Amino acid sequence: MNFYITTPIYYTNDIPHIGHAYTSIACDIIARYNKLLGKNVFFLTGTDEHGQKVEKAAINSNLKPKEFVDKLSVNFVNLIPFLGCEIDDFIRTTEERHIKASQELWKQLEKNNQIYLSNYEGWYSVRDEAFYLENELKKIDGNYVTDNGSPVEWVKEESYFFKLSEWQDKLINYYEKNPESILPKTRYNEVLSFIKGGLKDLSISRTTFNWGVPVPNNPKHVMYVWIDALCNYLTAIGYPDINNNNYKKFWPATHIVGKDILRFHAVYWPAFLMAAGIEPPKRIFAHGWWTNEGQKISKSLGNVIDPYDIINEYGLDQIRFFLFREVPFGNDGDFSKKAIANRINADLSNNFGNLVQRISSFAVKNNDSLLRPAENLTNEDQDLINILQNKFDEYCKFMNNQQIDRAIKSVLELISAGNAYVDTQAPWALKKTNKIRMEEVLYIVTNIIIKSAIMLYPIIPTSSKKILNIFNYNMDNNKFENFTKPINQNIKINNPEPIFPRILND
RNA sequence: GGCGGAGUAGCUCAGUUGGUCAGAGCGCACGGCUCAUAUUCGUGAUGUCGGGGGUUCAAAUCCCUCCUCCGCUACCA
């Protein structure tokens, strides 16, 4: 089984913020989960480097566009390992392979009679790089400006168009047959209602700037964002060489996107693909946005969250955990210091960390660090093992639908059951009365700890490995095959150390 | 305006096809344990399940209506 997951390509007009980190980590979690399932995974991210905005920013910086994007792209390249993301490729739209792929996709669309030359005209804002309808504009001092105050000018230019209007019925048909190809459900509804509202042909080239992929056989035009940007998902797996091994293995992809760019991925992109005779994406998942202490995040408010700052303050796994434990994936969330501290302390330090600590240090002090497989299971033991089975089933069901928060909650419930089991079995009492039973109890809990650590590995990979290391357990020999079967090996415990330090109140 | 979603304990939210569905976590109160990062375990309290009406033996769950909030309603990644 193969699994292909992508982030959007990030636009090189600014440095990365928490939103970029959020999307990338989401993909990393899903990628790691699928690896645990035993799949071959291809995880792609990259940067989108063309367009008028970049061209202008480069001029303002006294740099050639390529020099400018080289500088900005590296910020995104460097962020990936800092976030603990294990990617398989990083694509830049200025790469030769991508220019070739986009042009090839264009030619394929042209060959299939999906592109025609015409004129595009309307009110255009250079700052926003977008056209506006008259009713979206307001008049200030006799001049039209956009809602956010950008000046607009009336522009008429020759442009190539994609026959999007021809794909309305086919898209509707496709989505009605594949209701889970857009998630969450509410986004699916939005997309479908948008398509049902009618589709107009799409302008896909520009002549007013040069920083883009040249349109084949007409160098006056460069591609306007859509085909260039979206095609990256094909480029990275070898397109246009459709006999390429990666292409054959990994297409179609699962795309994780912010809710603001859902339409491009869920309407234009599948239409392009179908028009080119290529299968549409397997799934598009749209996630929400973060606020900061209840406030909308914006540069002008000065409350942009720098992923480096926040991770250096709380720790990588702690932030990864918070981002996906706190909020149902797909919803908007609020990033607050209080919520972060509560989450880390309650779930990681007090619940999981404590279970690890109380068992490992108890075993070191009272059983010479050695744990031996349990032989005679009581009803209570069996109950706990049954809970593991139930929670693992839930966890997989949720993860398969990108309900990461629900999956995490299932594991936390298992860990809570582990803590409760320790209390009822009271190994500190058994120490005086029944040493054999004490050993069994410790071993049964250790099984739960190890399985919990592996289930949480996609979210908190470094911490999970630390925990497994305490128990000298190598997770490579226990992925999700026969996962709930109890471990059966002697375990020697390494020096325990607190994995999740609590966050002290400010 | 149109389409869609949501209003459930102080907070964040679960609640498939109507009948242990009135719940979880956090917070709070009380009690227990002492292995553990002053951690954990147990018990308990607060809810007219947005308002009103209807269908039904039975509705948070279906229908009608009203109120509030949110998203989408095309060319910005």
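Quick note on labels: first sequence line is chain A, next is B, and so on, each numbered from 1. It should be emphasised that the depicted structure is a prediction, and the values quoted were computed from it without experimental measurement.
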Given [options], the nucleotide with the shortest approach to the side chain of [X]:
| X | options | answer |
| --- | --- | --- |
| A/Trp428 | B/C35, B/G4, B/C76 | B/C35 |
| A/Tyr224 | B/G42, B/C75, B/U40 | B/C75 |
| A/Tyr120 | B/C75, B/G15, B/G4 | B/C75 |
| A/Arg502 | B/C76, B/A14, B/U37 | B/U37 |
| A/Lys53 | B/C41, B/C76, B/C75 | B/C76 |
| A/Phe194 | B/A36, B/A74, B/U37 | B/A74 |
| A/Ser203 | B/C35, B/C75, B/C72 | B/C75 |
| A/Pro498 | B/G4, B/C75, B/U37 | B/U37 |
| A/Arg343 | B/U40, B/G15, B/G25 | B/G25 |
| A/Lys365 | B/U37, B/A36, B/C75 | B/A36 |

d([atom1], [X]; [atom2], [N]) in whole Å:
| X | N | atom1 | atom2 | value |
| --- | --- | --- | --- | --- |
| A/Asn189 | B/G5 | CG | P | 6 Å |
| A/Tyr175 | B/G4 | OH | P | 19 Å |
| A/Phe398 | B/U16 | CZ | P | 12 Å |
| A/Asp347 | B/C13 | CG | C1' | 14 Å |
| A/Leu262 | B/A74 | CG | P | 15 Å |
| A/Glu190 | B/C70 | CD | P | 15 Å |

Which is true for [X] with a 4.0 Å heavy-atom rule: it touches a base, it touches only sugar-phosphate, or it touches nothing?
| X | answer |
| --- | --- |
| A/Gly198 | base |
| A/Asn367 | nothing |
| A/Ile204 | nothing |
| A/Gly197 | nothing |
| A/Leu199 | base |
| A/Asn354 | base |
| A/Lys185 | nothing |

May I ask you to decide whether A/Glu190 forms a salt bridge with A/Lys259, counting only side-chain N to carboxylate O separations under 4.0 Å?
->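 No salt bridge links A/Glu190 with A/Lys259.
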Does a salt bridge link A/Asp393 with A/Lys397, judged by any charged N lying under 4.0 Å from a carboxylate O?
->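 No salt bridge links A/Asp393 with A/Lys397.
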Which comes earlier along RNA chain B counting from the 5' end, the contact point of A/Asp260 or that of A/Ser349, where each point is its nearest nucleotide?
->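 Upstream on the strand: A/Ser349.
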Which residue lies more 5' along RNA chain B, comparing A/Phe362 with A/Ser193 via nearest heavy atoms |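 It is A/Ser193 whose nearest nucleotide is closer to the 5' end.
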Can you tell me if [X] and [Y] form a side-chain donor-acceptor pair at under 3.5 Å?
| X | Y | value |
| --- | --- | --- |
| A/Ser73 | A/Glu49 | yes |
| A/Glu158 | A/Thr207 | no |
| A/Glu157 | A/Ser159 | no |

Is it possible for you to check whether A/Arg206 lies under 6.0 Å from the centre of the six-membered ring of A/Tyr120, through NZ or CZ, and within 45° of that ring's axis?
->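 The answer is yes; both the distance and angle limits are met.
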What distance, rounded to whole Å, do you find between the two [atom1] atoms, one in [N] and one in [M]?
| N | M | atom1 | result |
| --- | --- | --- | --- |
| B/A60 | B/C21 | C1' | 8 Å |
| B/C28 | B/C11 | C1' | 12 Å |
| B/G31 | B/C13 | C1' | 29 Å |
| B/G44 | B/G5 | P | 38 Å |
| B/A24 | B/U46 | P | 13 Å |
| B/G2 | B/U8 | P | 25 Å |

Symbol by symbol from the 5' end, with Watson-Crick or G-U pairs under 3.5 Å, [ ] crossing and | another strand, RNA chain B is (((((((..((((.........)))).(((((.......))))).....(((((.......))))))))))))....
Within less than 4.0 Å of OP1 or OP2 of B/G25, is there a side-chain N or O belonging to A/Arg406?
->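 False: A/Arg406 side-chain N/O out of range (4.0 Å or more) of B/G25 OP1/OP2.
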side-chain N/O A/Asn350 vs B/U40 OP1/OP2, d < 4.0 Å =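 It does, given that an N or O in the side chain of A/Asn350 lies less than 4.0 Å from OP1 or OP2 of B/U40.
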Chi angles and distances behind the salt bridge (charged side-chain N to carboxylate O under 4.0 Å, His left out) call for A/Asp14, A/Lys53 = CA-CA 11 Å; A/Asp14 205 352; A/Lys53 257 194 278 191; over 6 Å; no
Is it true that A/Tyr224 and A/Tyr160 have ring centroids separated by less than 6.0 Å?
->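 Judged by ring-centre distance (under 6.0 Å), A/Tyr224 and A/Tyr160 do not meet the cut-off.
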A/Phe162 and A/Trp226 aromatic centres sub-6.0 Å =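 No, too far apart.
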Answer yes or no: does atom CG of A/Asn119 have more than 12 heavy-atom neighbours from other residues, nucleotides or ligands under 6.0 Å?
->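 Counting neighbours around CG of A/Asn119, more than 12 heavy atoms of other residues, nucleotides or ligands fall under 6.0 Å, so yes.
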